[in-house]
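Here's the structure, in structure tokens; my notes come after.
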Amino acid sequence: MAGEINGTAIVLNNTTGAIVGQGDFTHTFGGTPIEIGNKSNGDNMVYLDGELATKQHIFSGELTYNNDAQFRKVRSDAFSGTQDTYTLTYTGSGDVTDESFSGLFVPTGLSDALPRGAKVATTISFNSSGPVTIVEAADV
């Protein structure tokens, strides 16, 4: 397939810089269609076109535990519920410019895996709070 994006190459930034830590991430967008059906539609569901309620972006995944300042800030923000501006950028797209998602997010669901004799990994989610600006990928 032409034009595919290598999903392993992302950069996650907050207002202080790039967050250091290798790992795997997932970006999920959720929005609920607004139901506008009435008796004239019979038993059929009808949704408002072009509108969604409860829109939210969630970045979630695993980072290798480290002592970088941005990584420590994310951990601190997760413990306190502090929101910050985060940007997730898909990089290394080849013939396509990078796609990015930026907005106010709160880090949550922090979990550390501490396997004996192996790397420590931190799993965390970043939940959007308000609108997210999307810069779509485009052909170069």
- Given the rule that I, L, V, M, F, W and Y join up when any side-chain heavy atoms are under 4.5 Å apart, are L48 and V46 in one cluster? yes
- Using the six-membered ring wherever Trp is involved, compare the ring planes of F59 and F101 and label them parallel, tilted or perpendicular (cut-offs 30° and 60°). perpendicular
- Exceeds 12 heavy-atom contacts within 6.0 angstrom, atom CG of D49: no
- What closest approach, in Å, do A78 and I124 show between heavy atoms, and which atom pair accounts for it? CB-CD1, 4.0 Å
- Under a single-linkage definition using a 4.5 Å side-chain heavy-atom cutoff for Ile, Leu, Val, Met, Phe, Trp and Tyr, are L104 and I58 assigned to the same hydrophobic cluster? no
- Message: Can you confirm whether L63 sits close enough to R75 that some side-chain heavy atom of one is under 4.5 Å from a side-chain heavy atom of the other?
- Response: no
- Task: Check whether I19 and Y65 end up in the same hydrophobic cluster, where Ile, Leu, Val, Met, Phe, Trp and Tyr are linked by side-chain heavy atoms less than 4.5 Å apart.
- Result: yes
- Got a donor-acceptor contact below 3.5 angstrom from the Q70 side chain to the T16 backbone? yes
- Just wondering, do F29 and V132 contact through their side chains at under 4.5 Å, heavy atoms? no
- Taking all atoms of both residues into account, what is the closest heavy-atom pair of G31 and P33, and its distance? O-CD, 3.7 Å
- Message: Quick check for you: to the nearest 0.5 Å, what is the distance between M45 atom CE and I36 atom CD1?
- Response: 10.0 Å
- Message: Please find the pair of heavy atoms, one from R72 and one from N67, that lie closest to each other, and give the distance.
- Response: NE-CA, 3.7 Å
- Item | N13 (side chain) donor-acceptor with V11 (main chain) under 3.5 angstrom | no
- Task: First locate atom OG1 of T32, then atom CG of L52, and finally report the distance between them rounded to the nearest 0.5 Å.
- Result: 7.5 Å
- Item | Sub-4.5 Å side-chain heavy-atom contact between V74 and Y86 | yes
- Query: What's the spacing between S76 OG and F71 CZ if we round to 0.5 Å?
  - Reply: 12.0 Å
- Message: If we ignore hydrogens and angles and just use 3.5 Å, is the side chain of D77 paired with the main-chain N or O of S80 as donor and acceptor?
- Response: no
- Under 3.5 Å, side chain of E62 to main-chain N/O of D24, donor-acceptor pair present? no
- Could you grab the distance from atom CZ of F105 to atom CG of L88, nearest 0.5 Å is fine? 8.0 Å
- Message: Using every non-hydrogen atom in the two residues, find where V106 and G81 come nearest and quote the distance to one decimal.
- Response: CG2-O, 3.6 Å
- Query: Is it the case that T87 and S102 place a side-chain donor and acceptor less than 3.5 Å from each other?
  - Reply: yes
- Output the distance between atom CD (Q83) and atom OG1 (T108), rounded to the nearest 0.5 Å. 11.0 Å
- Message: Which heavy atom of H27 sits nearest to which heavy atom of Y90, and what is that distance?
- Response: ND1-OH, 3.2 Å
